[in-house]
Amino acid sequence: MTAAQFTLDLVEELERTLPSHQLLVPSPVLFELEKIKKRSRGKNRIAASIALKMAKSPPFNIIEVELQPGEMVDDALLRISPVLCTNDRELRTRARERGISVVYLRQRRYLAVDGHLKT
């Protein structure tokens, strides 16, 4: 949602930052964006709508991921992701602790990487 709130070409930045990676969107992320869209107003609702539209379009590919009993979306992302794109501070910290590379928005203009990206 962050990219929709700032003037950033997310697809171009992701392709620049992750040239040899597939851009995958786990299905629980779509469900979470739908919930945000339904319960929000104003800019957050618009950002969630844009994020949903982007996630359902190329070059992004949706993958079906089953949540395990009692598992939250963030836990599933940490379970399945070798590289994670997020601006959520808590999720970034948890990913780093597990050795997962994290791509995040920096200075509202470009993407930065914490960790080593394997090609």
Side-chain angles (χ1 to χ4, degrees):
M1 279 183 22
T2 303
Q5 295 169 329
F6 305 114
T7 55
L8 171 73
D9 185 337
L10 181 63
V11 172
E12 183 179 306
E13 275 294 300
L14 283 169
E15 289 175 340
R16 180 191 65 77
T17 306
L18 304 168
S20 61
H21 289 77
Q22 268 192 309
L23 302 177
L24 304 175
V25 180
S27 54
V29 171
L30 295 178
F31 301 134
E32 194 168 83
L33 285 170
E34 288 285 356
K35 284 195 286 187
I36 292 169
K37 180 180 169 185
K38 286 179 184 176
R39 72 172 184 245
S40 298
R41 302 231 182 268
K43 290 182 182 182
N44 287 339
R45 184 182 182 113
I46 293 168
S49 294
I50 293 169
L52 275 166
K53 192 173 196 176
M54 287 178 69
K56 294 177 180 179
S57 302
F60 300 99
N61 296 303
I62 299 168
I63 58 168
E64 291 298 320
V65 174
E66 293 281 331
L67 293 178
Q68 297 176 349
E71 186 177 49
M72 302 300 288
V73 174
D74 288 359
D75 299 323
L77 293 174
L78 293 170
R79 177 172 49 87
I80 66 167
S81 302
V83 177
L84 187 60
C85 298
T86 184
N87 258 27
D88 180 309
R89 285 184 194 214
E90 182 182 330
L91 182 55
R92 284 170 41 192
T93 300
R94 291 175 62 198
R96 288 183 200 122
E97 289 170 353
R98 294 180 186 216
I100 298 169
S101 298
V102 179
V103 178
Y104 62 99
L105 182 64
R106 183 145 187 172
Q107 297 179 355
R108 300 179 179 189
R109 290 191 313 247
Y110 64 94
L111 298 178
V113 179
D114 276 350
H116 177 71
L117 295 175
K118 298 172 183 136
T119 54

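In this text the structure is predicted, and so the values were computed from the model without any measurement.
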Any chance you could measure Glu13, atom CD, to Arg109, atom CZ, to the nearest 0.5 Å? 10.5 Å

Run the side-chain contact (heavy atoms from CB on, under 4.5 Å) check on Leu91 and Leu77 step by step: do they pass? CA-CA 9 Å; Leu91 182 55; Leu77 293 174; 4.1 Å; yes

Verify same cluster id: Leu30, Val65 (apolar side-chain graph, 4.5 Å): no

Got a salt bridge between Glu32 and Lys35, using NZ or NE/NH1/NH2 to carboxylate O under 4.0 Å? no

Can you tell me how far the CZ atom of Arg94 sits from the CG atom of Leu84, to the nearest 0.5 Å? 10.5 Å

Sub-4.5 Å side-chain heavy-atom contact between Arg79 and Glu71: yes

d(Tyr104 OH, Asn87 CG) to nearest 0.5 Å is 9.0 Å

Measure the spacing between CG of Leu78 and CE of Met72 and express it to the nearest 0.5 Å. 12.5 Å

With ILVMFWY side chains joined below 4.5 Å, transitively, what does Tyr110's cluster contain besides itself? none

For Asn61, check side chain to side chain contact (heavy atoms under 4.5 Å, CB included) against everything at least two apart and list the hits. Gln22, Leu24

Do the non-hydrogen side-chain atoms of Pro26 and Ile80 ever get within less than 4.5 Å of each other? yes

Would you say Leu52 and Met54 are hydrophobically clustered, going by side-chain heavy atoms of ILVMFWY under 4.5 Å? yes

Can you name the closest pair of heavy atoms from Lys56 and Glu34 and give their distance? NZ-OE2, 3.8 Å

In the single-linkage hydrophobic clustering (I, L, V, M, F, W, Y; side-chain heavy atoms under 4.5 Å), do Val83 and Val11 co-cluster? yes

Working for side-chain contact (heavy atoms from CB on, under 4.5 Å), residues Leu14 and Cys85: CA-CA 9 Å; Leu14 283 169; Cys85 298; 3.8 Å; yes

Leu18-Val102 co-clustered via ILVMFWY side chain contacts under 4.5 Å: no

Are Leu10 and Ile62 grouped together when hydrophobic residues (ILVMFWY) are joined by side-chain heavy atoms under 4.5 angstrom apart? yes

Can you name the nearest heavy-atom pair linking Gly115 to Ser101, along with the distance? C-OG, 3.7 Å

So how far is it from Asp114 CG to Ile100 CD1, rounded to the nearest 0.5 Å? 12.5 Å

Quick one: pull up CD in Gln68 and CG in Asp75 and give me the separation to the nearest 0.5 Å. 9.5 Å

